[in-house]
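This report refers to the structure that appears directly beneath it.
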Amino acid sequence: PGAGAPDGALVLRGAFHAGAACFWVLGGDTATQGVTVNGDTAPRADAWPAQGSAWRQADGWTIVRVGASKGTDEIRLK
């Protein structure tokens, strides 16, 4: 479930297998300017890095890759 933060960010939280890579796909969001994953800035990428978190936009979708889940993750889109 997502919630709005006081700074206007969309905050998403989810539980995954610790250490696993996972993807979040959000439709209809083309205004994203920055993403953090578990408090760390995720770079915007045209190609997925071999490791680590990153994000990109394609065809009206925002896709966030969590490089290694901490078990419970927080993604912030602003």
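These numbers come from the heavy atoms of this one structure, side chains and all, not from hydrogens, waters or symmetry mates. This one's a predicted model, so the numbers in the text were calculated from it and none came from an experiment.
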Original post:
At what distance, to the nearest 0.5 angstrom, does NZ of Lys78 lie from CG of Leu10?
Top reply: 12.0 Å
**OP:** With sequence neighbours left out, write down each residue that passes side-chain hydrogen bond (donor to acceptor under 3.5 Å, both in side chains) with Thr36, or none if nothing qualifies.
**Re:** none
Original post:
Between the main-chain N or O of Gly67 and the side-chain N or O of Ser53, is there a donor-acceptor pair closer than 3.5 Å?
Top reply: yes
Original post:
Once you round to the nearest 0.5 Å, how far does OG1 of Thr62 lie from CZ of Arg56?
Top reply: 11.5 Å
Original post:
From Thr32 OG1 over to Trp55 CH2, what is the distance, rounded to the nearest 0.5 angstrom?
Top reply: 5.5 Å
Atom pairs and distances, donor-acceptor, side-chain atoms in residues 38-47, under 3.5 Å, two or more places apart:
{"unit_1": "Asn38", "atom_1": "OD1", "unit_2": "Glu74", "atom_2": "N", "d": "2.9"}
{"unit_1": "Asn38", "atom_1": "ND2", "unit_2": "Asp73", "atom_2": "OD1", "d": "2.9"}
{"unit_1": "Arg44", "atom_1": "NH2", "unit_2": "Gln57", "atom_2": "OE1", "d": "3.1"}

Original post:
Quick one: does Val66's side chain get under 4.5 Å of Phe16's, heavy atoms only?
Top reply: no
Original post:
Which pair of non-hydrogen atoms, one from Trp24 and one from Arg13, has the smallest distance, and what is that distance?
Top reply: CH2-O, 3.7 Å
Original post:
Looking at Arg65 and Ala50, what are the two nearest heavy atoms and their distance?
Top reply: NH2-O, 3.7 Å
